[in-house]
**Q** 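Have a look at the structure that comes next, please.
All heavy atoms count here, side chains included; hydrogens, waters and symmetry mates do not.
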Amino acid sequence: MQFPPARRILAPFLISVLLLVTSCSQTQPPSRWDKAQEESTQKPAKTKQTNADKSTAQSQNLPKKAVAGGKLNKYFPSAGGGFDRVFAQEKSGFAEAKLNKGGKNVAVLSINDIAGNPTAGEKFKESTKQISGYPAVSQGSNITAVLVANRYQVKVQSRDPSFTASEREAWLSKFNLSGLASVK
């Protein structure tokens, strides 16, 4: 079967145009979710510090990089008393777990290594309250935090109005704070 000359030229031309267009198209940059996944699965990244942060970090003798988030998980309190603990996020210098009761999220528990952000510990300098021997502060009406070994900020944040300040303090005391203080 013979094809007319126009068809013999048109088919290779269209294939060439198709290849040219697909090879010259730009690849899409990674989405914010791709970047977050990459950051959370890699080793702890070196954090950038300003000169002011460096001087504060040096005065507190903080290391230059944060510990891996997975290393912090074992210091969280266990589930119990009708509460379920579900780990939600883990990245360099940070770990977070949700506290659920009856299938409802009532609080968020977190540990944050402030080695990369030593100014985060400033709010504890004026603290007059202590929980398990560590300086404690209230942040707004739904967050209570302690500073462990001038390095780890441990927080309990209410997600439901029924989860009170006294419950936040009780859950902070359930963390293995003395064990966390020894993490280098």
Side-chain angles (χ1 to χ4, degrees), residues 33 36-37 39-41 43-45 47 49 53 56-57 59-184:
W33 307 114
Q37 178 65 29
E39 288 174 5
S40 69
T41 57
K43 291 184 179 178
T47 55
Q49 294 179 336
D53 286 346
T56 307
S59 68
Q60 292 182 6
N61 295 323
L62 290 175
K64 292 181 180 169
K65 66 179 185 175
V67 299
K71 199 173 182 182
L72 302 172
N73 290 345
K74 63 183 175 182
Y75 300 101
F76 279 80
S78 301
F83 290 93
D84 294 319
R85 179 197 65 193
V86 180
F87 284 101
Q89 187 178 18
E90 178 185 298
K91 60 183 181 180
S92 177
F94 181 78
E96 178 182 274
K98 292 182 179 182
L99 195 60
N100 300 325
K101 186 171 189 176
K104 183 178 182 182
N105 181 229
V106 294
V108 174
L109 315 173
S110 64
I111 299 175
N112 188 11
D113 184 351
I114 64 169
N117 182 15
T119 57
E122 297 288 322
K123 62 184 162 265
F124 293 95
K125 287 185 178 178
E126 303 297 320
S127 173
T128 57
K129 188 174 192 174
Q130 289 196 344
I131 296 174
S132 300
Y134 297 98
V137 296
S138 292
Q139 297 174 285
S141 61
N142 66 335
I143 299 174
T144 306
V146 296
L147 183 64
V148 177
N150 287 325
R151 179 171 179 182
Y152 298 102
Q153 182 175 257
V154 182
K155 283 186 183 181
V156 176
Q157 181 176 6
S158 297
R159 292 287 192 205
D160 187 83
S162 67
F163 200 80
T164 65
S166 61
E167 287 178 295
R168 289 194 305 267
E169 291 177 16
W171 276 92
L172 279 168
S173 66
K174 292 179 183 183
F175 278 83
N176 181 355
L177 300 176
S178 59
L180 181 61
S182 66
V183 177
K184 301 294 177 204

**Q** At what distance, to the nearest 0.5 angstrom, does CG of Asn142 lie from CZ of Phe163?
**A** 11.0 Å
**Q** Set out, in order, the CA-CA distance, both residues' side-chain angles and the distance that settles side chain to side chain contact (heavy atoms under 4.5 Å, CB included) for Val108 and Glu96, then state yes or no.
**A** CA-CA 7 Å; Val108 174; Glu96 178 182 274; 3.4 Å; yes
**Q** Is there side-chain contact between Asp113 and Lys71, with at least one heavy-atom pair below 4.5 Å?
**A** no
**Q** Quick one: closest heavy-atom pair of Ala145 and Leu172, and the distance?
**A** N-CD1, 4.1 Å
**Q** So does Pro77 get a backbone contact from the side chain of Arg85, meaning a donor-acceptor N/O pair under 3.5 Å?
**A** yes
**Q** Would you compute the distance between atom CH2 of Trp171 and atom CG of Leu109 and round it to the nearest 0.5 angstrom?
**A** 7.0 Å
**Q** Could you state the interatomic distance from OG (Ser138) to NZ (Lys129), rounded to the nearest 0.5 Å?
**A** 5.0 Å
**Q** Taking the six-membered ring for Trp, are Tyr75 and Tyr152 ring centroids under 6.0 Å apart?
**A** no
**Q** Is Ile111 close to Phe175 at the side-chain level, that is, under 4.5 Å between some pair of heavy atoms?
**A** yes
**Q** Out of the candidates Val154, Leu177, Leu180, only one should pair with Tyr134 under the side-chain contact (heavy atoms from CB on, under 4.5 Å) rule; please name it.
**A** Leu177
**Q** I'd like to check Ile131 versus Thr144 (side-chain heavy atoms, cut-off strictly below 4.5 Å). Are they in contact?
**A** yes
**Q** Hey, is NZ on Lys98 packed in by over 12 heavy atoms from elsewhere, all under 6.0 Å?
**A** no
**Q** Tell me if the NZ atom of Lys123 is crowded by more than 12 foreign heavy atoms within 6.0 Å.
**A** yes
**Q** At what distance, to the nearest 0.5 angstrom, does CZ of Arg168 lie from NZ of Lys155?
**A** 11.5 Å
**Q** To the nearest 0.5 angstrom, please state how far the OG atom of Ser110 sits from the CD atom of Gln153.
**A** 7.0 Å
**Q** Out of curiosity, Leu147 CG to Lys125 NZ, how far, rounded to the nearest 0.5 Å?
**A** 10.5 Å
**Q** Between Gly69 and Ala95, what is the shortest heavy-atom contact and its length?
**A** O-CB, 3.7 Å
